[in-house]
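A, B, ... follow the sequence lines: proteins, then strands. Residue 1 opens every chain.
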Number of protein chains: 2
Amino acid sequence: MTSAQDPQAPRPAEKRSDRTKAVILRAARDRFASDGYERTTIRAVAADAAIDPSMVMRYFGSKERLFDAALAIDLRLPDLTAVAPQDLARTLVRHFLDRWESDPADDALLVLLRSAVTNERAALRMHEIFATQVAPALGAALGPQAAAVAPVLTTQLLGLALTRYLIRLPAITALAPEQLVDALAPAVQATVLAAADAAQAGSRSAVPRSADPR
Amino acid sequence: MTSAQDPQAPRPAEKRSDRTKAVILRAARDRFASDGYERTTIRAVAADAAIDPSMVMRYFGSKERLFDAALAIDLRLPDLTAVAPQDLARTLVRHFLDRWESDPADDALLVLLRSAVTNERAALRMHEIFATQVAPALGAALGPQAAAVAPVLTTQLLGLALTRYLIRLPAITALAPEQLVDALAPAVQATVLAAADAAQAGSRSAVPRSADPR
DNA sequence: CTTGAATGTCAACAGGTGTTGGCCTACGTT
DNA sequence: AACGTAGGCCAACACCTGTTGACATTCAAG
């Protein structure tokens with residue numbers, strides 16, 4: 001109510017605490033992303049945010065609720081209905097890699113995946129994200145057979161993230177993004193096509209042909 | 001019951017402590033598999049083994065060395081040179097699932113994968129296993145192009161393990177093993193074939209330039 | 001200036017952790 | 001039977017954790 005008539009403040013509810021709250025959250029994301037849930041300490045987060053540990057508690061209540069706040073994620077999936085079917089695989093893989101490697105300050109994805117492996121709460125959040133974001137986006141692009149394809153595609157893309165960003169398998173980290181697109185696109189495309197075939201006919205005799213490897 | 005110099009004993013160094021040492025190790029594997037490295041406490045392992053925590057230290061030296069012992073793994077990869085090329089994909093996926101779901105007491109695989117995500121030591125062990133077990137086995141079956149295919153196959157199979165056994169995505173856990181073979185085989189097969197095509201065509205060198213993600 | 005809430009610091013609690021050293025006990029060897 | 005030693009237990013240390021409550025500081029409004 002007081003700041004409402006402030007002529008010089010274009011931001012209506014800009015409290016001073018929101019600033020430090022954001023700083024804490026960013027520090028927490030960094031720590032959760034690189035250390036995982038268990039090894040991340042509130043004291044370390046507070047130190048990174050240059051603030052007292054008790055402030056973290058005051059603003060977020062507990063370590064678990066801070067974790068929940070760090071898990072808020074929007075995958076920002078593109079509109080897949082616009083891309084031609086034969087380009088779907090490459091588009092999908094490329095966007096996935098872009099999303100992971102673009103903004104280094106945004107480790108939300110890393111937080112989620114790393115934690116989901118050992119933390120039940122993060123795993124449930126992941127189920128939720130699959131159901132509310134991944135499945136619908138793929139459903140719009142693939143039609144009825146999406147229900148069968150989406151889980152497999154998720155498996156393939158998460159396998160990529162796992163080996164590249166978490167385990168950091170040298171044979172995978174050595175490849176440039178576009179090389180990874182080349183390497184994975186045939187498999188992704190085959191998954192989509194196999195489902196389309198299965199939807200068309202009950203036979204599964206033909207081995208799906210790979211998309212032209214450029 | 002048997003003395004050390006028993007001429008008929010084929011096991012020369014059968015000490016009594018080896019028994020409890022094995023019990024501790026099994027308990028440790030269980031805990032590491034279900035809780036991960038950080039949340040596993042020596043006290044809990046000792047309680048499961050019905051022994052004093054200090055015994056764990058006496059036998060394994062430290063928590064880290066106990067962890068190392070739990071990470072000793074033999075993938076028991078089958079001889080892939082015997083299978084026909086067109087059956088390779090299905091065989092690979094089926095064996096992978098068998099290996100994960102056969103013996104519930106053997107959680108070594110679960111220990112390794114779950115820990116590798118948050119623990120540097122486990123990640124390095126995984127690099128090592130890929131280099132000494134996975135890459136050679138695939139190299140024998142696929143020939144020269146295996147070097148390009150093996151990492152991608154690893155990505156796909158680990159993605160399956162990740163979503164099914166760690167994150168437990170409902171859409172994946174709901175499927176029976178043979179359904180998963182059907183769903184994944186096209187993609188795996190496409191990966192193998194794409195590499196074969198690339199090898200046949202003008203072999204533009206696939207020497208990867210080192211890119212450092214994140 | 002006074003006031004009172006918002007913002008932040010300090011010190012401590014209560015519990016859990018890996019790890020250690022001393023003590024006991026049972027058993028295989030002599 | 002005596003004994004030395006390996007196998008096992010107990011209690012404790014030193015440290016770190018999340019969390020809490022009392023106290024200090026800022027800051028805008030009356």
Roughly, in whole Å, what's the span from [atom1] in [X] to [atom2] in [N]?
X	N	atom1	atom2	value
Arg19(A)	dA6(C)	CZ	C1'	18 Å
Leu66(B)	dT17(C)	CG	P	15 Å
Lys21(B)	dA6(D)	NZ	P	15 Å
Ile51(A)	dT25(D)	CD1	P	17 Å
Met55(A)	dT20(D)	CE	C1'	12 Å
Phe60(A)	dG8(C)	CZ	P	12 Å
Arg39(A)	dC16(D)	CZ	P	15 Å

Evaluate side chain to side chain contact (heavy atoms under 4.5 Å, CB included) for Met126(B) paired with Leu113(B), printing each intermediate quantity in order.
CA-CA 8 Å; Met126(B) 207 146 190; Leu113(B) 184 52; 3.8 Å; yes

From the options Leu153(B), Leu138(B), Leu142(B), Val188(B), select the one residue that forms a side-chain contact (heavy atoms from CB on, under 4.5 Å) with Leu88(B).
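The side-chain contact (heavy atoms from CB on, under 4.5 Å) with Leu88(B) is passed solely by Leu142(B) among Leu153(B), Leu138(B), Leu142(B), Val188(B).
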
Describe, in one word, how the ring planes of Phe32(B) and Phe67(B) are oriented to each other, choosing from parallel (under 30°), tilted (30 to 60°) and perpendicular (over 60°).
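Taking Phe67(B) first and then Phe32(B), their aromatic rings stand perpendicular (interplane angle over 60°).
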
Sequence neighbours excluded, which residues qualify as side chain to side chain contact (heavy atoms under 4.5 Å, CB included) partners of Ser34(B)?
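Listed in chain order: nothing, the list is empty.
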
For residues 165-177 of chain B, which side-chain donor-acceptor pairs fall under 3.5 Å, sequence neighbours excluded?
from, atom 1, to, atom 2, distance (Å)
Tyr165(B), OH, Glu101(B), OE2, 2.6
Thr173(B), OG1, Leu169(B), O, 3.4
Thr173(B), OG1, Pro170(B), O, 3.3

Ion pair Asp182(A)/Arg90(A), N-O distance below 4.0 Å
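Answer for the salt bridge query: yes.
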
At under 4.0 Å between heavy atoms, what does Tyr59(A) touch on the DNA or RNA strands: base, sugar-phosphate, or nothing?
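The answer is sugar-phosphate, as Tyr59(A) gets under 4.0 Å only of primed atoms, P, OP1 or OP2.
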
What string of B, S and - do you get for nucleotides 18-26 of chain C 5' to 3' if you count protein non-hydrogen atoms under 4.0 Å?
BBBBB----

